[in-house]
Amino acid sequence: MNFSTTDIIVFIVYGVMIVTFGLWISREKKGHKKDSADYFLAGKALPWWAIGASLIASNISAEQFIGMSGSGYAIGLGIASYEWMGGLTLILVAKYLLPIFIEKQIFTLPQFLEIRYDSRIRTILAVFWVFLYTLVNLTTVLYLSSLALSLVLGISMTQSIVGLAVVAVAYSIYGGLKAVAWTDVIQVVFLVIGGLITTYLALDAVSAGAGPAAGFKVLLEKAPEKFDMILSKDNEFYKDLPGLGVILGGLWIANISYFGCNQYIIQRALAAKNIGEAQKGLAFAGYLKLLLPIIVVIPGIAAFVLQADIARYDEAYPWLLGNLVPVGIKGMAFAALIAAALSSLSSMMNSTATIFTMDIYKPFVNPEASETKLVTVGRIVGLTAVVIAVLVAQPLLGGEEQVFQFIQKYTGYVSPGIVVLFLFGLFWKRTTATGALWAAIASVPFSVVVDLAFPSMPFLNQMGVVFLALSALIIAISFATSQGDSPKAIKIGPSLFKTSPTFNALAMGIILILGALYAMFW
């Protein structure tokens with residue numbers, strides 16, 4: 001892609017603006033030093049619109065722009081189930097999980113696991129999440145974003161990876177979650193506007209200049225198979241999206257794990273002013289999730305109809321940027337893609353630092369650490385995590401065709417165990433720490449056994465099978481190791497799940513829209 005001078009200026013100005021704003025918003029009043037609540041939970045002062053915007057900015061990464069557009073090219077609209085069902089999951093998390101997390105006044109999800117179970121579960125999950133965020137999440141975002149950066153600017157993958165990491169570190173390591181969340185508000189605007197511009201131009205190209213509405217009609221006519229939400233068994237991608245199993249089976253495990261049991265998503269809600277703001281923030285994010293397929297899936301289908309000259313599916317979105325976006329707008333569209341990468345990178349760095357500092361360093365290394373020391377350790381850990389990700393991103397992911405599917409499959413090895421730990425811990429009073437420990441230990445082995453025993457079974461269905469097996473395990477061990485309710489059981493009162501009329505109306509809107517979408521593209 002040849003950038004004009006205008007494109008380059010737009011792109012550079014965007015990068016400078018984000019770093020400058022991040023540093024400005026991170027400044028402290030004279031005489032005040034950041035404590036752990038400031039650094040890791042933004043002073044518990046985020047309003048609903050900042051929570052929703054930050055959550056989506058963190059969620060929309062190159063994984064969506066590049067990976068999901070690639071899956072849109074290969075599979076079609078069916079991949080949008082991850083986004084649309086995610087919107088519904090956010091409503092359920094806001095109503096049934098979030099009130100308990102906020103009531104316990106936690107910094108991290110491993111901390112909640114100690115409150116409900118014991119320190120063994122907290123430590124196991126803390127170590128696991130530090131490795132997952134560093135070796136899977138950070139590396140994936142760096143790799144996919146750098147793929148686009150290198151294709152667009154004609155620079156090497158190594159240069160792209162290092163450049164992205166440096167910009168993300170520049171503001172997030174110093175400012176913590178406050179800098180991440182408030183820069184995300186700006187970034188989500190660029191994400192949506194820049195993404196919609198690319199979608200508009202892709203549909204306009206499909207219709208030969210007749211406009212996006214005509215372009216969408218052409219997509220339906222020329223690629224009707226790309227608009228099947230429920231794939232049949234004879235579809236070559238059935239293993240990725242196994243028919244009704246998508247909306248009735250394993251996708252629920254993936255979504256609850258991601259949106260309800262995931263530190264870098266929940267951390268925004270934990271930083272809310274109050275529970276009402278947190279719930280409205282998640283509902284706002286739910287509406288943005290409904291919008292995402294227009295931005296990240298439809299362009300992939302358009303690239304398919306336009307017969308994009310690409311070597312691999314994940315090159316579909318960079319191809320659109322390079323061939324359809326006119327001079328003067330490329331900088332804006334590309335800034336949207338980089339905004340997705342920066343927001344996700346900064347969020348993952350901060351969450352990695354939060355878990356390591358609060359769940360590993362403070363309990364085991366320095367229980368008497370001062371607030372200043374905790375912030376310093378958090379900064380060092382965040383920087384270390386991104387350096388490791390920079391070193392392993394290209395060697396780890398360079399050979400994958402559809403990186404989005406790679407992520408879903410291998411995080412799916414642990415998602416069933418995480419969901420079992422939280423759901424049984426939250427809602428079954430008899431669950432014991434021993435039962436939870438064995439469920440945590442068995443999650444990966446069970447997943448590997450099911451994968452080896454049933455290699456042709458779609459991985460979403462495998463997740464469902466593993467979830468049921470782990471549920472049986474935790475129930476059996478809990479019955480065997482206790483005579484009644486656990487003394488650490490969560491006490492759920494009748495008012496805990498009461499929500500405001502505003503939230504209820506927002507939730508009903510999402511349900512109705514989802515029903516209409518699935519009825520339209522069944």
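- A search for side chain to side chain donor-acceptor pair (under 3.5 Å) contacts involving Ser36 returns Glu371, not counting sequence neighbours.
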Does the pair Lys488 and Ile115 meet the rule for a side chain to side chain contact (heavy atoms under 4.5 Å, CB included), with working shown?
-> CA-CA 7 Å; Lys488 287 193 168 186; Ile115 293 172; over 6 Å; no

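- Pairing each heavy atom of Pro416 with each of Leu470, the nearest pair is C-CD1, 3.9 Å.
- The side-chain heavy atoms of Trp252 and Leu88, taken from C-beta on, include a pair separated by under 4.5 Å.
- Proximity of a side-chain donor or acceptor of Gln462 to a complementary backbone N or O of Phe454 within less than 3.5 Å is detected.
- Here the side chains of Tyr361 and Val381 are not in contact, with every heavy-atom distance at 4.5 Å or above.
- Considering OG1 of Thr434 and CD1 of Ile474, their distance stands at 10.5 Å, rounded to 0.5 Å.
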Return all side-chain donor-acceptor pairs below 3.5 angstrom for residues 504-514, not counting sequence neighbours, or 'none' if the list is empty.
{"from": "Asn504", "atom 1": "OD1", "to": "Thr499", "atom 2": "OG1", "distance (Å)": "2.5"}
{"from": "Asn504", "atom 1": "ND2", "to": "Ser500", "atom 2": "O", "distance (Å)": "3.3"}

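- A donor-acceptor distance shorter than 3.5 angstrom exists from the side chain of Thr183 to the backbone of Val180, with no hydrogens or angles considered.
- Tyr258 contributes atom OH, which lies 10.0 Å from atom CG of Asn255 (distance to the nearest 0.5 angstrom).
- A pairwise comparison of heavy atoms in Glu83 and Leu292 identifies OE1-CD1, 3.1 Å as the closest pair.
- Sorted by first and then second residue, the pairs that involve residues 266-287 and meet side-chain hydrogen bond (donor to acceptor under 3.5 Å, both in side chains), not counting sequence neighbours, are Ser54-Arg268, Ser58-Arg268, Gln263-Gln267, Gln267-Asn350, Gln267-Ser351, Gln267-Thr354, Arg268-Ser347, Glu277-Lys280.
- Contact check for Thr140 versus Tyr143: no side-chain heavy atoms found under the 4.5 Å cut-off.
- Ser69 places no side-chain N or O within donor-acceptor distance of the main-chain N or O of Pro299, the cut-off being under 3.5 Å.
- Note that the CG atom of Leu437 and the CD1 atom of Ile121 stand 4.5 Å from one another [nearest 0.5 Å].
- Remark: the backbone N or O of Tyr413 is paired with a side-chain donor or acceptor of Ser443 at under 3.5 angstrom.
- At least one side-chain heavy atom of Ile490 sits less than 4.5 Å from a side-chain heavy atom of Phe112.
- Residues Tyr96 and Phe497 place their aromatic rings such that the two centres sit under 6.0 Å apart.
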Evaluate the side chain to side chain contact (heavy atoms under 4.5 Å, CB included) criterion for residues Phe503 and Ile91: first the C-alpha distance (whole Å), next the side-chain angles of each, then the deciding distance (0.1 Å), finally the verdict.
-> CA-CA 9 Å; Phe503 175 82; Ile91 294 298; 4.1 Å; yes

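- In the displayed structure, Lys373 atom NZ is contacted under 6.0 Å by at most 12 heavy atoms of other residues, nucleotides or ligands.
- We find the CG-CH2 distance between Leu291 and Trp84 to be 11.0 Å, quoted to the nearest 0.5 Å.
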Given Ser478 and Trp428, is the side chain to side chain contact (heavy atoms under 4.5 Å, CB included) satisfied, shown in steps?
-> CA-CA 10 Å; Ser478 294; Trp428 192 43; 3.7 Å; yes

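- With contacts defined as side-chain heavy-atom distances shorter than 4.5 Å, the pair Met229/Ile247 does not qualify.
- The backbone N or O of Ala57 sits less than 3.5 Å from a side-chain atom of Ser343, completing a donor-acceptor pair.
- Minimum heavy-atom separation, Gly260 to Val93: CA-CG2, 3.7 Å.
- Ring geometry, Phe422 versus Trp129: the interplanar angle falls from 30° to 60°, so the pair is classed tilted.
- The neighbour count for Phe427 CZ, taken as heavy atoms of other residues, nucleotides or ligands under 6.0 Å away, is above 12.
- Residues satisfying the salt bridge (Lys or Arg N to Asp or Glu O under 4.0 Å) criterion with Arg120, sequence neighbours excluded, are Asp118.
- The closest side-chain heavy-atom distance from Val246 to Ile230 is not below 4.5 Å.
- Here the CG-CG distance, from Leu138 to Leu132, works out to 9.5 Å after rounding to the nearest 0.5 Å.
- Minimum heavy-atom separation, Ala271 to Leu177: CB-CD2, 3.8 Å.
- When all heavy atoms of Val420 and Ser471 are compared, the pair lying nearest together is CG2-OG, 3.8 Å.
- Here the closest non-hydrogen pair linking Leu383 and Ile173 is N-CD1, 3.5 Å.
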Run the numbers on Phe107 and Leu270 for side chain to side chain contact (heavy atoms under 4.5 Å, CB included), then give the verdict.
-> CA-CA 7 Å; Phe107 274 70; Leu270 298 179; over 6 Å; no

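- With no hydrogens or angles considered, a side-chain donor-acceptor pair links Tyr518 and Ser81 at under 3.5 Å.
- Contact annotation: the side chain of Asp359 never approaches that of Thr123 to less than 4.5 Å [non-hydrogen atoms, C-beta and beyond].
- Evaluation of the ring pair (Phe, Tyr, Trp, His ring centres under 6.0 Å) rule for Phe284 yields Trp48 as partners, not counting sequence neighbours.
- In this structure, the side chain of Arg116 does not engage the main chain of Leu421 through any donor-acceptor pair within 3.5 Å.
- Within 6.0 Å of atom NZ in Lys498, 12 or fewer heavy atoms from other residues, nucleotides or ligands are found, so the atom counts as exposed in its surroundings.
- With hydrogens and angles ignored, the 3.5 Å screen pairs no side-chain donor or acceptor of Trp49 with any backbone N or O of Gly281.
- Using a 4.5 Å heavy-atom threshold, the side chains of Tyr238 and Pro458 count as touching.
- By the side chain to side chain contact (heavy atoms under 4.5 Å, CB included) test, Ala472 pairs with no residue at all, sequence neighbours left out.
- Atom-to-atom distance recorded for Arg122:CZ and Ile360:CD1 is 9.5 Å, nearest 0.5 angstrom.
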